Peer 1: 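Have a look at this one before I ask anything.
Nothing here was measured: the structure is a model prediction, and the numbers come from that model. Below, each value reflects all heavy atoms present in this structure, side chains not excepted, and no hydrogens, waters or symmetry copies. Within every chain, numbering begins at 1; the chains are lettered A, B, ... in the order of the sequence lines, protein sequences first and strands thereafter.
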Number of protein chains: 2
Amino acid sequence: MAVKERMDYIKKQLHSQSYKLTPQREATVEVLLENEEDHLSAEDVYLLVKDKAPEIGLATVYRTLELLNELEIVDKINFGDGVSRYDLRKEGANHSHHHLVCIQCGDVSEIEEDLLGEVEVKVEREWQFKIKDHRLTFHGVCSKCQRDKDSTNEEVGRQTVDQL
Amino acid sequence: MAVKERMDYIKKQLHSQSYKLTPQREATVEVLLENEEDHLSAEDVYLLVKDKAPEIGLATVYRTLELLNELEIVDKINFGDGVSRYDLRKEGANHSHHHLVCIQCGDVSEIEEDLLGEVEVKVEREWQFKIKDHRLTFHGVCSKCQRDKDSTNEEVGRQTVDQL
DNA sequence: TATGAAAACGATAATGATTATCGTTTAGTA
DNA sequence: TACTAAACGATAATCATTATCGTTTTCATA
């Protein structure tokens, strides 16, 4: 299965940079591989890892996630909810991972599609900026909340800023 | 000048939502208008406002910035450096304000150009997501650091992840 | 396989940004 | 001018993250 190969790849990365492979690091990576679709916080990871390795400390989880971020194995992202979240990078070169954050229900969904190909070319050319990565997040109203709002007929009271 | 008009617009916004206009709020908005090009943290704003209104408290600055964010007068943004930063929104509807963050020197520069027109149309159509705002940040190497690196001839030792 | 140094660990204290509390003051209305 | 809700300043509390430190473990080498 692909999970084992990705684990091996990550182990190789650690080794090639002279970092040691510890049970704590292995368990942390396992948790990340098993929860790819979620955006786990350090606390989330800590609680999940404790099932595999109950003696692990929270500080070690933070240290490991920071290390994996430096190795570009995970992305440390921020949705503005007060905690950092950590996403395992997908294999493959093009890192196209965007987010839709609903400003009503708070749900976060993902788009796995390269939306920025031409945009990146333009930015690199016009600003002489060598792009290594990007973060694209849309804030708005998800389809579910749009439907819920429609059935409430009319929104009253609050005048929107767009009106001027 | 446009500054006065924008101040009046903001005052009108406050009033229309039944918020009170206090000297502290007025001074805070003045500071934001006078430092539009910077990405000020709450602490930055606090220090600048103290020149105009020495008796202001840090908590009031946080409260005011939070209020202005709710009124969509400022954007609360996060560059991952541990503090929230607050940018006054430009007048006009299309909010096109992107960032280039250099991963070597840490400098942040801005692009004031609508890069996402077609992309937003596509996202709204394909995901039934009503976009209200977006955040686009590129991480990479700025032109200055590219030049500095070129003159250092060769980078040695650290193998890049891209090699596998 | 034993050993030793550097790296990593767990526990927990420290930090630092942000938020909550609370008694006092003020803006805006009648 | 008087009243009441809103806002204020000071500061304590919170909470995510980082630093510290004494102990344990990994892994290259003997």
Side-chain angles (χ1 to χ4, degrees), chain A residues 10-31 39-71 73-86, chain B residues 7-8 10-31 39-71 73-86:
Chain A
I10 293 168
K11 287 183 184 175
K12 189 193 288 183
Q13 284 298 316
L14 281 172
H15 188 260
S16 76
Q17 309 266 339
S18 301
Y19 292 115
K20 291 179 178 173
L21 180 60
T22 64
Q24 292 90 339
R25 285 175 179 171
E26 202 164 350
T28 302
V29 172
E30 268 181 35
V31 164
H39 304 287
L40 300 177
S41 67
E43 185 81 28
D44 294 336
V45 174
Y46 174 60
L47 294 174
L48 289 165
V49 172
K50 285 227 288 192
D51 293 340
K52 296 176 187 293
E55 74 292 347
I56 199 171
L58 179 57
T60 299
V61 171
Y62 272 101
R63 279 186 290 233
T64 301
L65 291 172
E66 196 56 40
L67 174 62
L68 294 173
N69 183 53
E70 277 167 26
L71 290 176
I73 289 167
V74 305
D75 290 316
K76 182 178 182 177
I77 57 182
N78 188 303
F79 292 127
D81 62 348
V83 295
S84 293
R85 298 181 177 277
Y86 301 84
Chain B
M7 175 64 85
D8 288 344
I10 293 168
K11 287 182 184 175
K12 188 191 290 184
Q13 283 298 317
L14 282 171
H15 188 260
S16 76
Q17 308 266 339
S18 301
Y19 292 115
K20 292 179 178 172
L21 179 60
T22 65
Q24 292 89 340
R25 287 176 178 171
E26 202 164 349
T28 302
V29 172
E30 268 180 36
V31 163
H39 304 289
L40 300 178
S41 67
E43 185 82 27
D44 295 335
V45 173
Y46 173 60
L47 294 174
L48 288 166
V49 172
K50 284 227 289 192
D51 292 340
K52 295 176 186 295
E55 74 292 347
I56 200 172
L58 179 58
T60 299
V61 171
Y62 271 101
R63 280 186 290 235
T64 301
L65 291 171
E66 196 55 40
L67 173 63
L68 293 173
N69 183 54
E70 276 167 27
L71 290 176
I73 290 167
V74 305
D75 290 317
K76 182 177 180 177
I77 58 182
N78 188 303
F79 292 127
D81 62 348
V83 294
S84 293
R85 299 182 177 276
Y86 300 84

Peer 1: OP1, OP2 of D:dT17 versus side-chain N and O of A:Y62: anything below 4.0 Å?
Peer 2: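 Result: yes.
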Peer 1: Just N and O in the side chain of B:H15: are any of them under 4.0 Å from OP1 or OP2 of D:dA6?
Peer 2: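 The answer is no; no side-chain N or O of B:H15 sits under 4.0 Å from OP1 or OP2.
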Peer 1: Given that B:L21 and A:T64 both sit by DNA chain C, which one's nearest nucleotide is further toward the 5' end?
Peer 2: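 Per heavy-atom nearest nucleotide, the more 5' residue is A:T64.
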Peer 1: Any idea which of D:dT17, C:dA20, C:dA27 is nearest the A:L58 side chain?
Peer 2: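 From the listed options, D:dT17 comes nearest.
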Peer 1: Rounded to whole Å, how long is the line connecting atom CD of B:E26 with atom P of C:dT26?
Peer 2: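 So the CD-P distance, B:E26 to C:dT26, works out to 16 Å.
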Peer 1: B:L14 CG to C:dA27 C1': how many Å, rounded?
Peer 2: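 To the nearest whole Å, that distance equals 13 Å.
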Peer 1: Could you tell me the separation between the CD atom of B:Q24 and the C1' atom of C:dT24, rounded to a whole number of Å?
Peer 2: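 Rounded to the whole Å, the gap is 13 Å.
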Peer 1: Measure CD/A:E55 against C1'/D:dT25 and give the value in whole Å, please.
Peer 2: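 Spelled out: CD on A:E55 to C1' on D:dT25 is 12 Å.
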Peer 1: Restricting to non-hydrogen atoms, name the atom on B:D44 and the atom on B:H39 that form the minimum distance, rounded to 0.1 Å.
Peer 2: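 Looking at all heavy atoms of both residues, the closest pair is OD2-O, 4.2 Å.
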Peer 1: Measure from CG on B:N69 to P on C:dT18 and round the result to the nearest Å.
Peer 2: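 Taking atom P of C:dT18 as the reference, CG of B:N69 is at 12 Å.
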Peer 1: By nearest atom, which of the nucleotides D:dA7, D:dT26, C:dT19 is closest to the A:K20 side chain?
Peer 2: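 Between D:dA7, D:dT26, C:dT19, the one nearest the side chain of A:K20 would be D:dT26.
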Peer 1: Which nucleotide in the list C:dA17, D:dT17, D:dA19 gets nearest to the side chain of A:A59?
Peer 2: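 From the listed options, D:dA19 comes nearest.
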Peer 1: Give the rounded distance in Å between these two atoms: CD of A:E66 and P of C:dA7.
Peer 2: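 Taking atom P of C:dA7 as the reference, CD of A:E66 is at 18 Å.
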Peer 1: For B:Q17 and D:dA7, what is the distance between atoms CD and P respectively, to the nearest whole Å?
Peer 2: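 These atoms are roughly 12 Å apart.
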Peer 1: Looking at every strand, decide which applies to B:E43 at a 4.0 Å heavy-atom threshold: base, sugar-phosphate, or nothing.
Peer 2: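 Answer is nothing: B:E43 stays at 4.0 Å or more from every strand.
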Peer 1: Regarding B:P54, tell me which of base, sugar-phosphate or nothing describes its non-hydrogen contacts under 4.0 Å with the strands shown.
Peer 2: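 The answer is nothing, as B:P54 stays clear of every strand by at least 4.0 Å.
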Peer 1: Take A:K50 and A:I56 through the side-chain contact (heavy atoms from CB on, under 4.5 Å) test and state the conclusion after the steps.
Peer 2: CA-CA 6 Å; A:K50 285 227 288 192; A:I56 199 171; 4.0 Å; yes
Peer 1: Looking at A:R63, I'd like to know whether one of its side-chain N or O atoms comes within less than 4.0 Å of OP1 or OP2 on C:dA8.
Peer 2: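 Answer is no, no contact under 4.0 Å.
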Peer 1: Please name the residue in the list B:K52, B:R25, B:K11 that meets the salt bridge (Lys or Arg N to Asp or Glu O under 4.0 Å) test with B:E30.
Peer 2: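 For B:E30, the salt bridge (Lys or Arg N to Asp or Glu O under 4.0 Å) test succeeds with only one of B:K52, B:R25, B:K11, which is B:K52.
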Peer 1: Identify the two heavy atoms, one from B:L58 and one from B:A42, that lie closest to each other, and give their separation to 0.1 Å.
Peer 2: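 So the minimum-distance heavy-atom pair works out to CD1-O, 4.4 Å.
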Peer 1: Could you tell me whether the phosphate oxygens of D:dA16, OP1 or OP2, come under 4.0 Å of any side-chain nitrogen or oxygen in A:S84?
Peer 2: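 Checking D:dA16 against A:S84, no side-chain N or O comes under 4.0 Å of OP1 or OP2.
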Peer 1: Within the pair B:T22 and D:dA6, is there a side-chain N or O less than 4.0 Å away from OP1 or OP2?
Peer 2: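 No, B:T22 has no side-chain N/O under 4.0 Å of OP1/OP2 on D:dA6.
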Peer 1: To the side chain of B:V83, which of D:dA7, C:dT18, D:dT17 is closest?
Peer 2: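 Nearest to the side chain of B:V83 among the choices is C:dT18.
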Peer 1: Could you give the distance from CD (B:Q17) to NZ (B:K12), rounded to the nearest 0.5 Å?
Peer 2: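 The distance works out to 13.0 Å.
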Peer 1: Atom CD of B:E70 and atom P of D:dA7: how far apart are they, to the nearest Å?
Peer 2: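 Those two atoms, CD and P, are 11 Å apart.
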